[in-house]
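So the structure is just underneath, and the comments pick up after that.
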Amino acid sequence: MGSARFASRISGIGSHFPSRKVTNLDLAQMYPSLETSDEWIRERTGISERRIAVPGKLEDRNSSLACQAALRALEMAGKKASDLDQILVATCTPDTLIPSTACWLQQKLGATRAWTMDINAACSGFVYALATADQFIQNGQIKTSLVVGSDVLSAFTNWDDRSSCILFGDGAGAVIVEQTAADSPQRLLSHHLHSDGSLWDLFHIEAGGSNLPGNPDVYAGKLDKMQMKGREIFKSAVRTLADYAVMALEENGLSVSDLDWFVPHQANLRIIEAVAKRLGFPMSKVLLNIDRFGNTSSATIPTALDEAVRDHRVKPGQLVLLDAFGAGLTTGSLLLRWG
Ligand code: ACO
């Protein structure tokens, strides 16, 4: 990328989810007023089950999920927490507004040398954070970064809203990003990011920030929970995911047939199928975990990639495209050669 002295490579990856599994049937039985069914959810979204944090459980906090994912990534990379120069946590559901989830994670890991911050780009957060780490590594300021996508969307889910509550789950995925030579064959090749804040009302949480702090009326009206215009997001997501995939490939002089794996944000299987069709890319080379984990926001991409790295589908030197969209609206793609 450009004339940078260095490049970045991912040397370790890991994921972690809460242990509580909630199937579609469980949801339909827990909330009968939703009048939903396993069949409807599977057919319209591709989701069969998701993991949901138990409120108040220490192990299910955002930073606790992030910590377990990070420990796995560190182990794969052969690194210690004290080797980390930087910790970036992509999240829109922090443990607390202050301090950042990255600070909570830092003290859990004992990563005393690192500087840390959260990045909120909703479901695009992991791609944004990975691109940010890459910049610090390329310019030589740091050598080793921990990038985590971690979200506990269940804390902001309106369980009375059947069009949104069926979609989400909780989880965390982490990568260790290390400095490598600028011409290394296995490296991050490019990233393309874009946001359109004028589309904020397609997916937002009205209260709980400084605009409207929580109060009894806010809680009664569920204004502290996610509100979504599902059909509009669907259309916008298909268009932007396809556009940013093509942009990533074209700007590297590559075509869809060069791609070994496509790792899109997992919000709805039908969105992913529509994007693959537009690109003329086979679904057999799309990494999916939405069936078992639902939409885990910033965690969908690293967790789907982790699974495929660990079962040896993704091999060193293969071309992998990460492609995300999320609330904001935000979007971004990142192309890399694995290893
Ligand atoms: N169970 C049963 N019926 C339902 C349910 C449900 N859970 N939800 C909606 N329906 C009904 C609707 O009421 C509607 O009934 P009607 O025809 O009698 O009015 C019917 O199903 C069809 O509703 P649609 O909204 O047209 O259904 P659609 O096929 O669009 O699916 C969905 C809805 C799943 C929300 C889809 O639009 C979607 O996935 N959109 C994208 C959402 C998304 O990506 N959100 C996150 C983006 S940002 C981020 O990732 C944080």
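When reading the values below, keep in mind they use all heavy atoms of this one structure, side chains included, and skip hydrogens, waters and symmetry mates. Just follow the structure's listing: the first ligand is 1, and inside any ligand the first atom is 1. Here, residue 1 is the first one in the sequence, and each next residue gets the next number.
Through direct or relayed side-chain contacts under 4.5 Å between Ile, Leu, Val, Met, Phe, Trp and Tyr, L71 connects to L74, L84, I87, V89, L105, L109, L146, V148, I176.
Residue R270 approaches ligand 1 through these ligand atoms, each under 4.0 Å from one of its heavy atoms: 28 (P), 29 (O), 31 (O). Close approach to A267 involves these atoms of ligand 1, each under 4.0 Å from a residue heavy atom: 44 (O). Interface of I166 with ligand 1, defined as ligand atoms under 4.0 Å from a residue heavy atom, comprises 7 (N). Heavy-atom proximity to A327, at under 4.0 Å, picks out these atoms of ligand 1: 48 (S). For ligand 1 and T36, the ligand atoms under 4.0 Å from any heavy atom of the residue are 1 (N), 2 (C), 6 (C), 7 (N). Heavy-atom proximity to G230, at under 4.0 Å, picks out these atoms of ligand 1: 37 (O), 40 (N), 41 (C).
Note: an N/O pair closer than 3.5 Å links H265 and ligand 1 by distance alone.
Of all protein heavy atoms, the one closest to atom 27 (O) of ligand 1 is R44 NH2, 3.7 Å. For atom 46 (C) of ligand 1, the closest non-hydrogen atom on the protein side is F203 CE1, 3.6 Å. Scanning the protein heavy atoms around atom 26 (O) of ligand 1, the nearest turns out to be R231 NE, 2.8 Å. Protein heavy atom at the shortest distance from atom 50 (O) of ligand 1 is C123 SG, 2.4 Å. Taking atom 39 (O) of ligand 1 as the reference point, the nearest protein heavy-atom neighbour is N268 ND2, 2.7 Å. Scanning the protein heavy atoms around atom 33 (C) of ligand 1, the nearest turns out to be W40 CH2, 4.1 Å. Scanning all protein heavy atoms for the shortest distance to atom 45 (N) of ligand 1 gives M228 SD, 3.2 Å. The single protein non-hydrogen atom nearest to atom 11 (C) of ligand 1 is R162 NH2, 3.6 Å, given as residue, atom name and distance.
Remark: distances from the non-hydrogen atoms of S163 to ligand 1 include one below 4.0 Å. Contact analysis puts I233 in contact with ligand 1, with a non-hydrogen atom separation below 4.0 angstrom. The shell of residues lying under 4.0 angstrom from ligand 1, judged by heavy atoms, excludes A122.
Under the 30°/60° scheme for interplanar angles, the aromatic rings of F136 and W115 are found to stand perpendicular. Note: F262 and F281 have perpendicular aromatic rings, judged against thresholds of 30 and 60 degrees for the angle between ring planes. Ring geometry, W159 versus Y31: the interplanar angle falls under 30°, so the pair is classed parallel (tilted spans 30 to 60°).
Atom CD of E59 sits in a crowded spot, with more than 12 heavy atoms from other residues, nucleotides or ligands closer than 6.0 Å. In this structure, K57 places its NZ atom where more than 12 heavy-atom neighbours from other residues, nucleotides or ligands lie under 6.0 Å away.
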Exercise. Test K222 against E206 for salt bridge (Lys or Arg N to Asp or Glu O under 4.0 Å), laying out the working first.
Key: CA-CA 9 Å; K222 307 237 162 142; E206 200 168 329; over 6 Å; no
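Hydrophobic clustering (ILVMFWY, side-chain heavy atoms < 4.5 Å, transitive): M228 and L199 are in one cluster.
Distance check for atom 30 (O) of ligand 1: a protein heavy atom is found below 4.0 Å. Within the 4.0 Å cut-off (strictly below), no protein heavy atom is located near atom 17 (O) of ligand 1. Within a 4.0 Å radius of atom 14 (C) of ligand 1, the protein has no heavy atom.
Within the 4.0 Å heavy-atom criterion, the part of N295 lying near ligand 1 is the side chain and not the backbone.
A donor atom on one side chain and an acceptor atom on the other are found under 3.5 Å apart for S11 and E178. With hydrogens and angles left out, the side-chain atoms of T240 and D243 include no donor and acceptor closer than 3.5 Å. Side chain to side chain, T144 and D83 fail the donor-acceptor criterion of an N or O pair below 3.5 Å. A donor and an acceptor atom, one from each side chain of S298 and D151, are located under 3.5 Å apart.
Outside the 6.0 Å centre-distance limit, the rings of Y244 and H192 are not counted as a close aromatic pair.
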